[in-house]
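The structure appears below as structure tokens.
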Amino acid sequence: MEVRSVVLSPGEPYELRLTGRGARGYVWTWQVTGDTDVVTVTEGPPSATGVPDGVPGVSGVPGAPSTPSAPGVPADPGDPGVALPGAPVERTYVVRARPPGGGRARIRFAQVRPPYPDEAPYDEFVLDVEVTSGTGGAA
């Protein structure tokens, strides 16, 4: 489990990218503890990792539209740019410090499979966030 610490000013965003096993049924969940009102967490669109831009049906840039392959034409499994089933999927999360600041929160991300709630997480990531009460920058 990786632990990272950041210092943010009120209104300042912090982008976090986590690679997951979405194609295998895993999803990232998060829980905020501590001063829960000093941060918000939002999820961005997924992107396939390790896949170059311009590959039909896949975008390497979060938020960019994908180009579907022609109907009825299967993807060429020999093409190195084609994302295979079970390929890792990168998720982007934006943590934003909320005004007026002056608090600390811990965000625990856990990669789980919802059909198996008693199963231990496949991976975990902890982000400790300090939100300053005035102006300043990220550390």
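- Shortest non-hydrogen contact noted between R96 and G11 is NH1-O, 3.0 Å.
- Under 4.0 Å is where a charged nitrogen must lie from a carboxylate oxygen, and between R104 and D35 no such pair does.
- A single hydrophobic cluster is not seen to contain both V112 and F125; linkage of ILVMFWY side chains at heavy-atom distances under 4.5 Å, directly or through other members, places them apart.
- When every heavy atom of L8 is checked against every heavy atom of P13, the shortest pair comes out as CD2-O, 4.3 Å.
- In terms of hydrophobic clustering, with Ile, Leu, Val, Met, Phe, Trp and Tyr side chains grouped at heavy-atom distances under 4.5 Å, V32 and W28 are assigned to a common cluster.
- Atom OH of Y93 is separated from atom CG of L18 by 6.5 Å, given to the nearest 0.5 angstrom.
- At distances below 3.5 Å, at least one donor-acceptor pair connects side-chain atoms of T29 with backbone N or O atoms of A110.
- Nearest heavy atom pair, residue P121 against residue R108, reads CG-NH2, 3.7 Å.
- Annotation: the span from D37 atom CG to R98 atom CZ amounts to 6.5 Å, rounded to 0.5 Å.
- Classification of the W30-F109 ring pair by plane angle, with boundaries at 30° and 60°, yields tilted.
- Rounded to the nearest 0.5 Å, atoms CD (E2) and CD (E124) are 12.5 Å apart.
- When every heavy atom of V38 is checked against every heavy atom of V131, the shortest pair comes out as O-CG2, 3.6 Å.
- Counting heavy atoms from C-beta outward, V41 and I107 have side chains that approach closer than 4.5 Å.
- Ring planes of Y122 and Y26: tilted class, angle from 30 to 60°.
- Contact record, A97 with S9: CB-O, 3.2 Å, taken as the closest heavy-atom pair.
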Could you go through the side-chain contact (heavy atoms from CB on, under 4.5 Å) check for E119 and R113 one step at a time?
CA-CA 8 Å; E119 187 176 82; R113 292 193 298 175; 2.7 Å; yes
Determine, step by step, whether T92 and L16 satisfy the side-chain contact (heavy atoms from CB on, under 4.5 Å) criterion, reporting the C-alpha distance in whole Å, the side-chain angles of both residues, the deciding distance to 0.1 Å, and the verdict.
CA-CA 6 Å; T92 302; L16 176 67; over 6 Å; no
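- No donor-acceptor pair under 3.5 Å is formed between the side chain of D123 and the backbone N or O of Q111.
- A side chain to side chain contact (heavy atoms under 4.5 Å, CB included) with R106 is found for one member of L127, T36, V126 and no other, namely V126.
- With a 6.0 Å radius and a threshold of 12 heavy atoms from other residues, nucleotides or ligands, E15 has its CD atom above the threshold.
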